[in-house]
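So you know, we letter chains A, B, ... as the sequences are listed, proteins then strands, and number each from 1.
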Amino acid sequence: MGKESVGISVSKKEDFSEWYTQVVLKAKLADYAPVKGLIVLRPDGYSIWESLKSTFDKKFSQNGIRNGFLPVLIPESLLGKEQKHFAGFNPEVFWVTHSGENEVGDRLALRPTSETLAYTLYSKWIKSWRDLPLKINFWNTALRAEIKATKPFLRTSEFLWQEGHTVHTTEEEAKEEVLKILEIYKNTVEEELAIPVITGKKSEKEKFVGAVYTTTMESIMPDGKALQMGTSHFLGQNFSKPFEVKFADKDNIEHFAWQTSWGVSWRLIGAMIMVHGDDQGLVLPPKVAPTQIVIVPIYNNDEDKKRILDKAGEIKQDLESKQIRIHIDDRKEMSPGFKFNDWEMKGVPLRIEIGPKDMDKQKILIAKRYNKEKTNLGFDEISKIEEILEEIQSKMLEKAREQARLNTVDITDYKEFKEKISIGGFFNAPWCGNQECEEKIKEETGADIRVIPFDKEDNTKNCIYCNEKSISIPIFARGY
RNA sequence: GGGAUCGUCGUCUAGCUUGGUAUGAUACUAGUCUGGGGGACUAGUGGUCGCAGGUUCAAAUCCUGCCGGUCCCA
């Protein structure tokens, strides 16, 4: 036994979990850290994160949100200020109990999230309606000790994310902000990562601890499980009261402010791997691919080598001038076949091959990663490549949409629901709004309410569990 | 919380029953040939055998404790 295979050794279909881990490691996105539950990002993985970060930053900025920085340690006394919030996070908090040899008096939490810390500061900064709205985003990491099995990007004890915290004078304005952010999340994930999402509200049971309500975007993964891709919370005055985030309004009366918080994490990268990857490895959407095009030159004598590398260099320069990220793989020690497989495993969206035969015909061969299609392109048609990348991006989203559609079913019969749930998928099932039904369904099927889509308020149906009148048609699924 | 099982070059592993200089593959380095889908040959580098004790002339191997991983059950 024990021959280490170079490529992915299991199929996505047969052993999804093992497949996923192999792709992450072999595409060199991340590696395991020496501490259980923690991972290390390698340059290709971090580059994808940076790309998402820059897109979000642009959109946040257009929405009047600026970036700040918060420290990682939060005193227990602060974290415990909002009771429900604390109770929700407490089981998975890492605590710092010593500084050097000395025990610290008030234990320090490694932030599981920063609401309590941010709002302590906000209460100092906000005095008047003129100070509002206050909109700050923080790029950092959060730490939550994971007891269950961990998985790179999907469930780790420390994760990269952004957390935004805004403060408003009115309830309406805060609620609007919640939706604006959710829309930014949705269009970024769909346009950049080519993953379709469904937006809506979380049920009371599943909402963020401390929020009035939570809006969410959910996606369906190829194994039929749901993945929460990002959340945007309306906090109401639940935090502004204990933390005294108050302002004097135009009426000269002090009011508690209205707040929101929202975040997405590197889970998005995990989703991208799962949705687009195949048995050869990673498949990257062009927009976030660290390398969008790789040129593999093919030659067997010095004369060919020179003219081919010259041509490759020329193409590279041409495309680089259009901001395309392109790499020439001139490694001598590897055969072309090895390189093809290598770059496919790493998910590079487009490969260009140039060999002696192509030189003679004044053509190059291009191979698309996402559908393995190979075509020829004349030397005079290089400028088309820009469009080809755009086309790949939109086709990948289309393909993912189709996949999601196939995995979504309307269902009204509980018996049928129970049978089908093990196959996985999104189930549109009417619900009476009663938490007991929700809990029973979770208990009996393992599925919970992932999201109540915004357009699925519906009182014409009957609850799939208790048969009482429905209030909505949520999406039920088993989740990550 | 209960149970099972495993820790040996970067990685995967043989050796353990019956104690005696740690095996092979892969990866890595160098060279030659090769080159349109995971190439071939030759040579070389690399391991305090998870940690700490104990038994013994001698421990990867036997014993004890600890640490860590994985899986199953609650």
Asker: Using atom C1' in both nucleotides, what's the gap between B:C16 and B:C49 to the nearest angstrom?
Answerer: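 Their C1' atoms lie roughly 11 Å apart.
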Asker: Separation of A:N341 atom CG from B:G38 atom C1', in whole Å?
Answerer: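 So the CG-C1' distance, A:N341 to B:G38, works out to 5 Å.
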Asker: Take the protein atom NZ of A:K28 and the nucleotide atom P of B:U11, then report the distance between them rounded to whole Å.
Answerer: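 Computing the A:K28:NZ to B:U11:P distance gives 15 Å.
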Asker: Which nucleotide, B:G36, B:G38, B:G37, lies nearest any side-chain atom of A:K357?
Answerer: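 Shortest atom-to-atom distance from the side chain points to B:G36.
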Asker: Identify, with sequence neighbours excluded, every residue that meets side chain to side chain donor-acceptor pair (under 3.5 Å) alongside A:S265.
Answerer: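 So A:S265 forms no side chain to side chain donor-acceptor pair (under 3.5 Å) with any residue.
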Asker: Under the ring-ring contact (aromatic ring centres under 6.0 Å, His included) definition, can you give me all pairs with a residue in residues 320-359 of chain A, not counting sequence neighbours?
Answerer: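 Passing the test, one end in residues 320-359 of chain A: A:H327-A:W343.
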Asker: Distance between the C1' atoms of B:U8 and B:A60, in whole angstroms?
Answerer: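 That atom pair is separated by 7 Å.
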Asker: Under the salt bridge (Lys or Arg N to Asp or Glu O under 4.0 Å) rule, collect the residues that match up with A:K415, sequence neighbours excluded.
Answerer: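 Per chain and number, A:K415 pairs via salt bridge (Lys or Arg N to Asp or Glu O under 4.0 Å) with no residue.
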Asker: Excluding sequence neighbours, so at least two apart, what forms salt bridge (Lys or Arg N to Asp or Glu O under 4.0 Å) with A:K28?
Answerer: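 With neighbours one apart ignored, the set is empty.
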Asker: Does B:U11 pair with anything, Watson-Crick or G-U wobble, both distances under 3.5 Å, and if so, with which nucleotide?
Answerer: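 B:A25 is the nucleotide pairing with B:U11.
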Asker: Let me know the distance between CG of A:N300 and P of B:G35, rounded to the nearest Å.
Answerer: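 That distance rounds to 6 Å.
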Asker: Between A:K368 and A:E391, is the closest basic N to carboxylate O distance under 4.0 Å?
Answerer: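 Salt bridge present between A:E391 and A:K368.
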Asker: Starting from the C-alpha separation in whole Å, work towards a yes-or-no answer on ring-ring contact (aromatic ring centres under 6.0 Å, His included) for A:F153 and A:W266.
Answerer: CA-CA 6 Å; A:F153 297 116; A:W266 67 15; 5.6 Å; yes
Asker: Paired with B:U70 by Watson-Crick or G-U wobble geometry, both distances under 3.5 Å: which nucleotide is it?
Answerer: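 Across all strands, the one nucleotide that pairs with B:U70 is B:A4.
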Asker: Output the residues of residues 305-312 of chain A in contact with RNA chain B, where contact means a heavy atom of the residue under 4.0 Å from an atom of the strand; sort by number or write none.
Answerer: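 Output list: empty, so none.
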Asker: Give every pair of a protein N or O atom and an N or O atom of nucleotides 68-74 of chain B that lie under 3.5 Å apart, one pair per line with the distance.
Answerer:
none

Asker: Less than 3.5 Å between a donor and an acceptor, one on the side chain of A:D342 and one on the base of B:G38, is that the case here?
Answerer: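 Under the 3.5 Å cut-off, the side chain and the base do not form any donor-acceptor pair.
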Asker: Side chain to side chain donor-acceptor pair (under 3.5 Å) with A:E314: which residues, sequence neighbours excluded?
Answerer: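 Side chain to side chain donor-acceptor pair (under 3.5 Å) list for A:E314, sorted by chain: A:K311.
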Asker: Would you please name every residue forming a salt bridge (Lys or Arg N to Asp or Glu O under 4.0 Å) with A:D310, sequence neighbours left out?
Answerer: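 Partners of A:D310 by the salt bridge (Lys or Arg N to Asp or Glu O under 4.0 Å) criterion, ordered by chain and then number, come out as A:K306.
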Asker: Please give the distance between the C1' atoms of B:C41 and B:G37 as a whole number of Å.
Answerer: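 Their C1' atoms lie roughly 22 Å apart.
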Asker: Taking only the P atom of each, what is the distance from B:G54 to B:C9 in whole angstrom?
Answerer: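 These two P atoms come out 25 Å apart once rounded.
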Asker: Taking RNA chain B as the partner, which of residues 330-337 of chain A come within under 4.0 angstrom of it by heavy atom?
Answerer: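 A:K332, A:M334, A:S335, A:P336, A:G337, in order of number.
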Asker: Test of understanding: with salt bridge (Lys or Arg N to Asp or Glu O under 4.0 Å), list the residues that count as partners of A:R351, not counting sequence neighbours.
Answerer: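 Expected list: A:E344, A:E353.
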Asker: Measure from CG on A:D279 to C1' on B:G38 and round the result to the nearest Å.
Answerer: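 Going from A:D279 (CG) to B:G38 (C1'), I get 15 Å.
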Asker: Would you mind checking if A:E402 and A:R405 are paired as a salt bridge, meaning a charged N to carboxylate O distance below 4.0 Å?
Answerer: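 Salt bridge present between A:R405 and A:E402.
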Asker: What's the CZ-P distance between A:F340 and B:G39, to the nearest Å?
Answerer: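 One finds 11 Å between P of B:G39 and CZ of A:F340, rounded.
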Asker: The side chain of A:K374 lies closest to which of these nucleotides: B:G39, B:G37, B:G36?
Answerer: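 Closest of the options to the side chain of A:K374: B:G37.
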Asker: Mind checking ring pair (Phe, Tyr, Trp, His ring centres under 6.0 Å) for A:F56 and listing every partner two or more places apart, or none if nothing turns up?
Answerer: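 Testing A:F56 for ring pair (Phe, Tyr, Trp, His ring centres under 6.0 Å), a comparison that skips the adjacent residues, returns A:F60, A:Y185.
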Asker: Which residue pairs pass the side-chain hydrogen bond (donor to acceptor under 3.5 Å, both in side chains) test when at least one of the two sits in residues 423-441 of chain A, sequence neighbours left out?
Answerer: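 Residue pairs passing side-chain hydrogen bond (donor to acceptor under 3.5 Å, both in side chains), neighbours aside: A:S203-A:E438, A:D410-A:N428, A:Q435-A:E439.
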Asker: With rounding to the closest Å, how many angstrom separate the P atoms on B:G46 and B:G24?
Answerer: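 These two P atoms come out 15 Å apart once rounded.
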Asker: Round to a whole Å and report the spacing from CG of A:D302 to P of B:C33.
Answerer: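 Value for this atom pair: 11 Å.
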Asker: Taking pairing as Watson-Crick or G-U wobble with both contacts under 3.5 Å, can you name the mate of B:C62, or confirm there isn't one?
Answerer: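 In the structure as shown, B:C62 has B:G54 as its Watson-Crick or wobble partner.
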